[in-house]
Each structure stands twice: as structure tokens, then as C-alpha cells.
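Hydrogens, waters and symmetry mates play no part in the numbers below; they use all other heavy atoms, side chains included. Letters go in sequence order (proteins before strands), and every chain restarts at 1.
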Amino acid sequence: MEKSFEPAQIESKWYERWEASGAFQPSGKGEPYCILLPPPNVTGTLHMGHAFQQTVMDMLVRYQRMRGMNTLWQVGTDHAGIATQKIVENQLAVEDKTRHDLGRDAFVERVWKWKEESGSTITNQMRRIGAAADWSRERFTMDPGLSAAVQKVFIDWYRAGLIYRGNRLVNWDPVLGTAVSDLEVNNVERDGHMWSIRYPVVGSDESMVVATTRPETMLGDVAVAVHPEDERYAHLVGKMLMLPLTDRLVPVIADDYVDKDFGTGCVKITPAHDFNDYAIGQRHKLAPITIFTLAAKVNDNAPEKYRGLDRYDARKRVLADLEAAGLLVETKPHKLQVPVSDRSDAVIEPMLTDQWFVDLTSDTLADGRPGGRQAITQPALDAVRSGEITFVPENWATTYTQWLDNIQDWCISRQLWWGHRIPAWYDEAGNIFVGEDEADARKSATAAPVGALRQDDDVLDTWFSSALWPFSTLGWPANGPVKNERGEVVANWEQDKIFLPSAVLVTGFDIIFFWVARMVMATKYFTGQVPFREVYINAIVRDAEGQKMSKSKGNTLDPLDLIDGIELEPLVAKSTKSLLIPQVREKVEKRVRKDYPDGIPAIGTDALRFTFAALASYSRTINFDIKRAEGYKAFCNKLWNAARFVLMNMPDESGPEGEVAAPTGAPVTEAERWILTRLKQTLGEVEKHFISYRFDHLAQALYEFTWNELCDWFLELAKPALNGEDAVAAASTRHTLLVVLESVLRALHPVIPFITEEIWQSVAPKLALTENSLMQRPWPCADEIAADDAATAEIEWFKNVLSGIRKIRSEMNISPARTIPLLLADGDASDRARVAKFAAQIAFLARTEAPQWIEAGTDEPAAAAAVVGTLRVMIPLAGLIDLGAEKTRLAKEISRIEVEIKKCEGKLGNANFVANAPAEVVVQERQRITDWNTTLMALREQAQKLG
RNA sequence: GGGUGCUUAGCUCAGCGGUAGAGCGUCGCCCUUACAAGGCGGUGGUCGUAGGUUCGAUCCCUACAGCACCCA
């Protein structure tokens with residue numbers, strides 16, 4: 001083995017071998033255990049969030065596979081309608097073209113081409129982080145099978161009356177020219193103004209003043225609303241107002257929605273361009289007036305002078321005209337939430353358009369069939385309320401149910417070209433025909449179409465196809481084998497439905513509504529089953545200061561840069577490459593140079609994964625600190641060197657295969673039985689933490705065992721045993737070293753697969769193991785290891801003795817290289833026996849001469865002492881230690897213990913404590929005071945002897 | 001405005017009713033033959049503030065402050 005751990009060398013070789021061996025595919029044996037990968041954007045790249053989430057999934061999958069489960073990690077990518085179309089449109093823009101220059105078919109072809117080029121980027125990156133996913137079943141949301149599922153679901157829901165077409169207010173992106181989902185809209189706080197505008201009351205001297213952040217929308221006002229109990233305006237309700245700048249009159253209406261205390265208590269109502277106003281308009285049966293075109297320019301419903309103006313130009317014009325008319329009462333600065341499209345940065349304009357919706361809100365349809373609430377929403381709510389699906393951490397269930405309780409119908413149409421085209425046709429009279437194709441649509445119609453049929457231009461929301469992911473990837477709705485777009489068989493529902501429900505969904509909280517809930521809805525409706533039993537909501541990865549990672553801040557990290565390392569200059573170049581605004585570029589460069597003055601060191605995949613595990617508590621964010629990752633690289637190196645030590649100590653005369661003969665019978669030494677006991681405990685903890693998804697505790701348990709017990713104590717204890725005269729103990733220790741190392745490799749494998757595999761390959765022959773890969777080994781079960789409490793007590797005693805000596809050496813500044821005398825006094829029979837048993841270990845590890853007992857009554861030389869129980873462990877002062885220093889040290893120790901005793905006495909002296917505290921707590925407290933007193937007496941005796 | 005979290009050592013975080021913990025950093029001594037990415041030993045915290053419940057509160061309850069995020 002190399003002298004130190006070199007991640008790059010070992011990571012490159014294992015992944016391909018694992019994949020080629022078929023180890024990532026379901027074994028076909030054991031209980032099914034399935035995890036669905038939240039499909040990343042097909043043209044996307046791996047970011048820290050992906051790397052974290054996928055590490056979590058990979059740990060679970062590898063663990064369950066080792067436990068003998070029939071494991072499927074279903075992977076694939078998402079066509080990400082808007083994002084992908086936008087990228088290709090940007091490419092066209094460079095050539096000074098738009099998608100319309102190409103036409104629909106040629107454009108879509110071009111997107112496919114781009115998908116072919118870049119589609120494997122993220123999946124190859126996933127391989128770098130070691131994802132043990134079944135790539136032979138990789139799917140794409142637009143492959144033929146998944147498209148068939150989309151079509152069937154649309155048609156079935158349409159025919160069940162659960163999908164309808166309607167003219168509704170939606171989030172409209174005027175730049176992209178499509179409706180977008182709420183998820184793609186960010187509410188951003190911006191500096192704006194609050195303008196107060198006077199609306200005169202018709203036939204009166206009175207007027208009403210409304211406050212608005214969007215004065216231009218007044219051109220579409222249909223009313224002014226006040227609170228029904230607002231006495232100031234009660235007499236005006238029902239009266240008409242003159243809408244300034246127009247020749248229209250609008251009524252004053254009363255509605256609870258209005259906040260009396262906000263502004264003047266009068267609200268202008270523009271139903272066509274505001275969601276709240278839309279609801280009020282509906283309540284009061286006021287027809288909305290749309291005043292913008294789809295490009296957000298003023299349309300013909302507004303007075304002529306404003307027509308054709310962009311919404312912001314219109315605002316200026318409206319304000320100027322109001323000012324001129326003396327109707328602008330006040331202008332003051334105001335912070336407001338502006339809805340901004342995540343995809344184009346354009347300000348969203350609520351817009352009345354014809355869209356397709358999934359009904360999620362009506363109880364019963366007009367014809368008596370169940371409505372969407374009954375058929376789709378309620379079952380999804382029940383699945384979580386009944387506990388059929390549980391969230392981890394559990395409070396996310398509240399988020400889920402609250403959202404479903406207030407759900408709106410789902411707008412599923414998008415005005416894009418890239419996506420699943422809606423299987424609906426219109427005749428010349430505007431009648432709708434839905435079917436698999438035009439012929440099927442005609443066939444299923446109740447009336448003959450008028451004239452020619454034309455297919456709907458729109459495509460479906462990407463989430464519509466991802467909602468079907470849990471069952472469409474398993475082959476539904478086909479009965480036989482399903483092929484992907486390359487013609488390879490990837491699923492077969494008849495066989496694969498055993499993987500439904502999947503075991504756990506690992507995903508971010510931000511898509512609970514948009515994806516998680518919709519998967520539950522669709523899967524429940526079409527298969528009658530829940531899509532998964534548990535939902536583990538993973539934390540969001542932030543930078544070390546807790547800031548959101550963003551390219552424009554310059555605090556993003558590329559997981560591959562952490563794995564491979566990167567020099568400063570390339571890192572700067574990379575971070576600033578796609579930033580267009582010069583100021584941002586400077587800021588980013590400064591930040592990168594400050595944060596990584598020496599670039600990023602290569603820490604390797606395993607250390608990165610261990611870091612993710614160690615940070616994965618139930619907290620909702622994890623702040624990624626590169627320092628921490630470096631610490632876990634050191635851990636990998638520690639493990640590496642521990643393995644080196646074990647292998648270096650194997651006999652030369654091992655068998656033909658390198659096998660080290662297993663001794664018959666139980667391990668000989670206390671140390672072996674102790675480390676096996678600790679291994680058993682650790683494995684038990686790890687199993688527990690896997691069940692509760694506490695990867696931080698899991699990682700810590702393994703870290704502590706490996707470093708603080710195996711390396712710090714057992715390997716050290718093994719040294720004298722291996723080199724001692726007891727050949728039986730040496731042989732036994734040698735074998736235990738191998739067994740413990742091999743077990744810990746197995747236990748660590750789900751977290752750090754590469755290094756463990758690499759080491760295991762060298763260890764396996766020594767144990768005559770026949771598997772080709774660590775991946776094929778079973779999980780090291782705690783139940784298979786014997787515990788030995790007596791041995792544990794012996795080793796605890798030994799550790800106390802050794803620590804006592806080390807502390808004296810260190811505090812008295814005795815050179816670690818110097819061998820010193822060791823004296824023992826007092827103690828009981830068991831101390832005598834233990835000293836005899838561990839004499840060689842004590843001498844070796846504490847660098848002392850053979851211990852010498854001082855019999856009671858004989859004179860003691862002046863010495864520094866440590867106390868273990870009643871035993872005094874002493875190092876003579878002569879030539880080594882300053883008497884004064886030792887007295888000071890003792891005094892400090894004595895006063896520390898006196899404080900502890902005082903605390904105990906305080907509790908035990910309280911009658912209420914003794915009467916009310918649980919018996920075992922009182923007993924424990926009494927035991928503590930006894931132990932402290934024992935130590936105190938020994939220390940005092942020692943102090944007295946020093947004079 | 002409604003909701004959900006968070007506030008513990010210099011930093012990043014565990015703990016959550018009965019002796020305050022880890023990693024990193026820091027200080028001292030050591031290049032001891034698995035590992036200086038290391039060893040050994042230290043230092044460092046009235047657990048956001050104020051009340052309450054309890055024999056006992058970092059942990060439970062209430063209020064407040066600050067910081068996040070989600071939904072309006």
C-alpha cells in the first residue's frame with residue numbers, strides 16, 4: 001500500500017468495475033427496496049445540493065443492498081421544459097435567430113440534439129460521487145414509455161372530468177411568453193413607491209383615495225373596495241366613482257378582504273392583473289378588464305393614448321397624467337414584494353389566459369361523478385394523515401397537509417414547444433377533442449367535429465410528467481417490456497411493480513408541493529398505492545457563513561472541484577465565466593480570491609461524502625465548511641494507515657492465497673474482546689441511525705470507533721501483543737485485527753465506498769473471503785458479535801492508568817522519548833492482577849520500566865501520582881519532576897474533586913431531591929460521591945506524603 | 001399578517017430533564033519504526049434574554065429579542 005491515502009488513484013478504478021459487474025442492478029432476491037432519484041434537469045450540472053442528496057440516497061441504497069434487500073435505485077433525468085428551451089433559445093440568439101425562424105419541428109429537433117450532447121453531463125458527475133444507481137434503467141421524462149404514461153394520464157383524467165380548459169388568471173412570464181408555476185416565481189423585495197390616487201364620487205363633492213404600488217393597472221380597475229364595517233365609507237358603498245384617465249365608472253363595493261387600517265382603507269380592484277382582486281371580482285360578479293397584451297404592453301381596452309406602451313412606460317404616463325389632473329395625492333417610497341420569474345428574471349404579470357387545469361378542488365362534478373378534491377386531493381391528504389406516508393423530520397407533514405388543504409386547481413399547460421404536447425384538438429367551432437392521436441380523438445368524440453381539427457399548440461408542465469415518476473419508470477401503463485428512446489428495454493410493469501411503493505423519497509423541502517404532493521396524487525389515483533412510505537426532507541446546502549450559494553455571490557462550490565481540487569486562477573476563471581454584469585464579475589472574483597487564496601485542495605469523493613454525512617442532522621440547512629471536509633480527508637488517511645499497519649503485521653508465511661489462519665476458539669486477549677464489544681455497540685448504533693436517518697450520528701459513531709478506539713487503543717495494544725512472547729496471543733490478535741478491520745470497512749462502505757473497497761481488496765485474501773467486491777459482502781451485523789463486559793472493564797481500567805501516567809509526563813514536561821520508573825501503591829487484589837496482566841502494555845505504551853509495587857508500611861520515595869480507584873500510580877520525582885510543581889498539580893486536582901463532591905453533597909443534602917428523584921438517580925449520585933471520596937483520599941494521602 | 005425553524009466553546013455543529021460534547025482552530029511537548037493529513041497533554045462555554053413548571057432546566061412552558069425560510 002502507498003504510504004498515504006491518494007483519493008484520485010483509487011477512485012478512478014472502482015466505479016466502472018462495480019457498474020460493469022451489474023452490482024447496481026436489483027439482485028432479484030430479498031425484499032424490494034426502491035429509492036427514486038428526483039430527476040435532475042437533463043441539461044443541468046451537479047451542484048452541492050445534488051451531491052449531498054445523492055450521497056444520502058447512495059448510503060441508504062448501499063446499506064440496504066448489503067443487508068440483502070432487492071435494491072433498485074431508479075435514476076433518470078427531467079426534460080425541464082422552460083429551462084431547456086431557454087438554453088437553446090439563447091444559443092439561437094447568438095446566431096441572431098429566434099425559435100420562430102426555425103419553426104416548431106426544427107426547433108424541437110435542435111433541443112433534442114442539445115439534450116443528446118449535454119444530457120450525460122450530470123449523470124457522469126453522479127458517477128464521480130459514487131452513486132450506485134441502476135443506470136441500465138435510466139429514464140428520461142420524454143422517452144417513449146414515459147410519454148405514453150403522460151398521455152394516458154391526461155386522457156384518463158380528461159375523460160373522468162378531472163382535467164378541464166378554462167380562462168383563468170395565471171402567473172404569466174411576458175418575456176418567455178408562457179404561464180409558469182408558482183415554484184418558478186420568486187417574490188423579491190424591491191424598492192418601489194406607494195402612490196395615493198383620488199377617485200371622485202359621481203354626483204358628489206366627495207372622493208376616495210386609493211393607495212397602489214401599480215398605478216398603471218388602474219386602467220383595468222372595475223371597482224374600489226372598502227371593509228364592510230368601515231364607518232368612514234359605509235355611506236359610499238354602492239355609489240359610483242369616476243375612474244380617472246378613462247371614461248369609465250366603477251362601483252364602490254364592500255369586502256372583508258380589505259384591511260381597514262392599511263393606507264386609506266380603500267383598495268382599487270383590478271381582477272385581470274391581481275390574484276386577490278380576481279377573487280374579489282368573482283365574489284362580486286365584476287367582469288375583469290384585461291389591459292395588457294401577452295408581452296405586457298397596454299392593449300386596446302385602455303384609452304388610446306396609452307396603447308402600445310410597455311407596462312413601466314404606461315406607469316410613468318399614468319402618473320404624469322394624474323399629477324396634471326390634480327388627482328395624485330401622495331407619492332412615498334415603499335418596499336414591496338415583486339413576483340419575478342425564476343427563469344427569465346422578468347416581472348410576472350398575472351394574466352387571464354386560456355389554460356388547461358387539473359381539478360383539485362371540486363367535490364362533485366356537475367354530472368355527479370367525483371370531483372378533483374374527492375378523487376385526487378383527499379386521498380393524497382389521507383395518505384399522510386393516516387401515517388401511510390411519514391415525513392422525516394415529521395413536522396414537514398404539516399407543510400404538506402396545510403398546502404393541500406388550501407390547494408388551487410393545477411395549471412398544467414405551458415406555452416412552450418419543448419415538452420409533452422397536449423393531446424387535444426379543436427375543430428373550427430372551438431370544440432375540444434382529446435385522444436391519443438387525431439383519429440382516437442375523433443373516435444371518442446360524442447359529436448362530429450366542425451371542419452378540420454387542429455392540435456393544441458401547448459405542452460404540459462414538466463411537473464405533470466414527474467408526478468408520474470414513481471410508476472411510469474416501472475413500466476406503467478404498458479403490460480410488457482418498455483423501451484427507452486435508444487430502444488433498450490428499461491422496465492416491465494408486470495415484474496417491476498414490486499418496487500412500488502418505494503421505500504423512501506429523499507428530496508428538498510422546496511418541492512414538497514410541486515413534486516412530492518403531486519406524485520402522491522397521481523400514484524394514488526392510478527395505482528391505488530402510495531409512491532413511497534417515507535419522505536426524508538434533506539437540508540439545503542449553504543456556504544460556511546450560512547449564505548445561500550449563488551453564482552452571482554461567488555460562493556458556489558462545484559462538488560467536483562472539491563473532489564479533484566482546483567488552482568486559484570482556473571477557479572476564478574470558472575466562477576466568473578458566465579457572469580455578464582461587470583460589477584458582479586468583480587465582486588465574485590474578489591470573493592473567490594479571499595475565500596480560496598490557495599485554490600481548493602483535492603479532498604476526494606470519500607471525504608466529501610463523509611462530510612455530507614457528518615453534517616446531515618435534522619437541521620434544515622447545512623453550512624458547508626471546507627475545513628470540515630479537510631478533517632474528514634484526514635480521517636480517510638487515518639483509516640488507510642490503520643489498514644497499512646494491520647497488513648504490515650501479517651505473517652510472511654501466510655498461505656498460498658495470503659490467508660492468515662484463523663485461530664480456534666475465542667480471542668485470547670482482553671483487548672480483542674474489548675474492541676469486538678465496542679464494534680458490536682458501534683454497529684448497533686449505526687443500524688439505529690440508518691433507520692432514523694441520523695447520518696451525522698452514524699458518521700460520528702464510525703469516526704469515533706475507528707479513530708478513538710481502533711487506532712488510538714486497539715492498534716497500540718496490539719503492538720506489544722504482536723511482538724510479545726505469547727505466540728498464541730499474537731496469532732489471536734493478528735486475526736482479530738483483520739476481522740475488526742474488515743468489519744469496519746463494511747460498516748463504512750455505504751459512506752465512503754472507494755477507499756473501503758480499495759483497502760478491502762488487500763484484506764479479503766487474508767481472511768480467505770471469496771467475494772469479488774466489498775459491495776457483495778453482507779452488512780456486519782451487531783448480533784453476530786459477542787459482547788464481553790468484563791474485558792471492557794479491564795480495558796477501561798487500563799486506559800485510566802495509562803492516561804494518568806501520560807498526564808503526569810506531559811504536565812511535568814518529561815520527554816516522551818525517556819523511559820521512566822513506575823511505582824504502584826495501595827489498590828486491591830484486582831489491581832494487582834490487572835497490573836500483572838497488562839505489565840507489558842503499560843511499559844510499552846507509557847514508556848516506563850517494569851512496574852514495582854511498594855508494600856504498605858515501607859517508605860515511599862517522593863513521587864508524582866495518578867489515582868485510579870484506590871490504586872496510586874506513581875512516578876518518582878528524583879531527577880524528573882520538581883516537587884513544587886507536583887504539589888501545585890495535586891492541589892489543583894484536589895480542589896477540582898472537592899467542587900464535584902460539594903455538588904453531590906448539595907443534591908444529597910436536599911431532602912426533596914432524595915424524596916422525589918428517581919431511585920436510580922439517587923443511587924448514582926451516592927455512587928459518584930463514594931468514588932470521588934476514594935480518589936480524594938488517595939490524593940490527600942499523596943499530598944501529605946510529599947509534605 | 002399567518003406558518004415553520006434556529007440562537008450551545010473562536011468557527012461549523014451535536015446534545016434536549018439528572019456529571020456540558022465533537023470536528024476544525026488555538027496553546028505546550030514530541031519527526032516514538034501505521035499515520036506530522038500524525039501522537040500525547042492542555043486551554044476554551046453563567047447553553048440568546050426574562051419569567052414559570054420541577055427536588056433539579058441547555059433541555060419542558062410562556063413572553064421577548066435577534067436571524068433564517070415558507071405562505072399570503
With a 4.0 Å cut-off on N to O distance, would you call [X] and [Y] a salt bridge?
X	Y	answer
A:Lys799	A:Glu716	no
A:Glu685	A:Lys688	no
A:Arg283	A:Asp256	no
A:Arg928	A:Glu900	yes

Worksheet item: A:Asp409: what forms a salt bridge (charged side-chain N to carboxylate O under 4.0 Å, His left out) with it, not counting sequence neighbours?
Response: none

Separation of the [atom1] atoms in [N] and [M], to the nearest angstrom:
N	M	atom1	answer
B:rA20	B:rG45	P	14 Å
B:rG17	B:rG41	P	32 Å
B:rG15	B:rA36	P	34 Å
B:rA57	B:rG51	C1'	13 Å

Discussion item. Could you check whether A:Arg678 makes a cation-pi contact with A:Trp707, meaning its NZ or CZ is under 6.0 Å from the centre of the six-membered ring and within 45° of the ring axis?
Written reply: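 No, A:Arg678 and A:Trp707 do not form such a contact.
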
Discussion item. Could you check whether A:Lys638 makes a cation-pi contact with A:Tyr632, meaning its NZ or CZ is under 6.0 Å from the centre of the six-membered ring and within 45° of the ring axis?
Written reply: no

Item to complete: Take nucleotides 67-72 of chain B nucleotide by nucleotide from the 5' end and write B, S or -, depending on whether a protein heavy atom sits under 4.0 Å from the base, only from the sugar-phosphate, or from neither.
Response: -SS-SS

Write down the protein N/O and nucleotide N/O pairs, taken from nucleotides 44-46 of chain B, whose separation is under 3.5 Å; answer none if there are no such pairs.
none

Worksheet item: Counting just side-chain N and O atoms, does A:Lys638 come under 4.0 Å of either OP1 or OP2 of B:rG39?
Response: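 Yes, such a contact exists.
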
Worksheet item: So does A:Ser815 get a side-chain nitrogen or oxygen closer than 4.0 Å to the phosphate oxygens (OP1/OP2) of B:rC30?
Response: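 Looking at the OP1 and OP2 atoms of B:rC30, neither is under 4.0 Å from any side-chain N or O of A:Ser815.
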
Fill in: A:Arg847 side-chain proximity, nearest of B:rC40, B:rA34, B:rU33
B:rU33

Worksheet item: Starting at the 5' end of RNA chain B and moving along, which residue's nearest nucleotide shows up first, A:Lys807 or A:His697?
Response: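 Comparing both residues, the 5'-ward one is A:His697.
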
Discussion item. For the CD atom on A:Glu849, are there more than 12 heavy atoms of other groups (residues, nucleotides or ligands in this structure) within a distance under 6.0 Å?
Written reply: yes

